[in-house]
Amino acid sequence: MAKYSTGSSSGGGGTSCELCGAESDSLRQETVAGAELEVCPSCASHGDRQRTSDRRTDDRGSRDEPSRKKKAAQNVAKATPIWDGDSEHWEKEGTNYDDDPLPYLVTDYGDRLEEARQEAGLTREELADELGAPETDLLAIEQGRATQAGVGGGLIDVLEERLDVELAE
């Protein structure tokens with residue numbers, strides 16, 4: 001899949017989808033993750049407008065945006081332990097980066113995870129909430145950036161078990 005292609009060199013009017021690379025006579029402008037792209041009808045569902053219109057409303061009829069922000073803040077709070085002012089245990093034990101090493105991952109681990117998550121009928125946010133993991137870590141894994149994002153091997157293990165998918169060699 002050709003992600004981040006440049007399309008035509010003339011600055012628009014190309015015949016290839018800038019998201020998947022497919023040839024199409026029906027390209028349209030969509031904002032995908034903040035970037036303006038010319039996409040085919042199949043990829044249009046990845047557009048930010050489409051995702052916004054797909055969001056459910058709560059009982060009062062308003063968008064779920066405040067609850068999303070609240071959940072994101074809760075996830076950050078979970079991932080960021082509160083320091084109690086006692087550094088004695090760190091000084092005695094030190095920091096052990098071998099506790100949760102990232103295993104060797106299969107070549108297409110990101111695509112495998114995304115496909116397995118979608119087959120399970122879960123959004124990235126739903127899976128992150130279920131596992132108590134930062135959504136940004138799941139995004140990094142799906143984008144093939146697990147090492148750069150510092151994702152731990154424990155999350156890989158949990159994802160493999162929950163989605164019945166092989167991510168590590």
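Both backbone and side-chain heavy atoms feed into the values below; hydrogens, waters and symmetry mates do not.
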Output for pair (Glu142 CD, Gln118 CD), nearest 0.5 Å, gives 7.0 Å

Just do the side chain to side chain contact (heavy atoms under 4.5 Å, CB included) check on Leu37 and Thr31 with the steps written out, would you? CA-CA 6 Å; Leu37 302 175; Thr31 302; over 6 Å; no

### Query
Are there more than 12 heavy atoms of other residues, nucleotides or ligands under 6.0 Å from atom CD of Glu36?
yes

inquiry  = Could you check whether any side-chain heavy atom of Leu127 comes within less than 4.5 Å of a side-chain heavy atom of Leu159, counting everything from C-beta outward?
reply    = yes

Residue set satisfying salt bridge (Lys or Arg N to Asp or Glu O under 4.0 Å) with Arg145, at least two apart, ordered chain then number -> none

To the nearest 0.5 Å, atom CG of Leu167 lies from atom CG of Asp111 at 11.0 Å

Correct closest heavy-atom pair for Ser24 and Cys40 would be CB-CB, 4.0 Å

Smallest heavy-atom separation, Ala168 atom then Pro103 atom, equals CB-CG, 3.7 Å

Checklist entry - Thinking salt bridges, do Arg28 and Glu30 make one under a 4.0 Å N-O criterion? => result yes

Sorted by chain and residue number, the salt bridge (Lys or Arg N to Asp or Glu O under 4.0 Å) partners of Glu115 (sequence neighbours excluded) come out as none

Interatomic distance, CZ@Arg117 vs CG@Leu163, rounded to 0.5 Å, equals 9.0 Å

Between the OH atom in Tyr109 and the CD atom in Gln143, the distance rounded to the nearest 0.5 Å is 10.0 Å

Output for pair (Arg162 CZ, Leu122 CG), nearest 0.5 Å, gives 5.0 Å

Heavy-atom nearest pair, Glu126 first then Gly121, reads OE1-O, 3.9 Å

dist Cys43:SG -> Leu27:CG (nearest 0.5 Å) comes out at 10.0 Å

Is the closest side-chain heavy-atom distance between Glu135 and Leu139 below 4.5 Å?
no

(Q) Could you check whether any side-chain N or O of Glu38 sits under 3.5 Å from a backbone N or O of Cys17, counting only pairs where one atom can act as donor and the other as acceptor? (A) no

Next item on the list: Carefully, step by step, assess Ile141 and Leu105 under the rule side chain to side chain contact (heavy atoms under 4.5 Å, CB included).
Entry: CA-CA 10 Å; Ile141 296 169; Leu105 300 171; over 6 Å; no

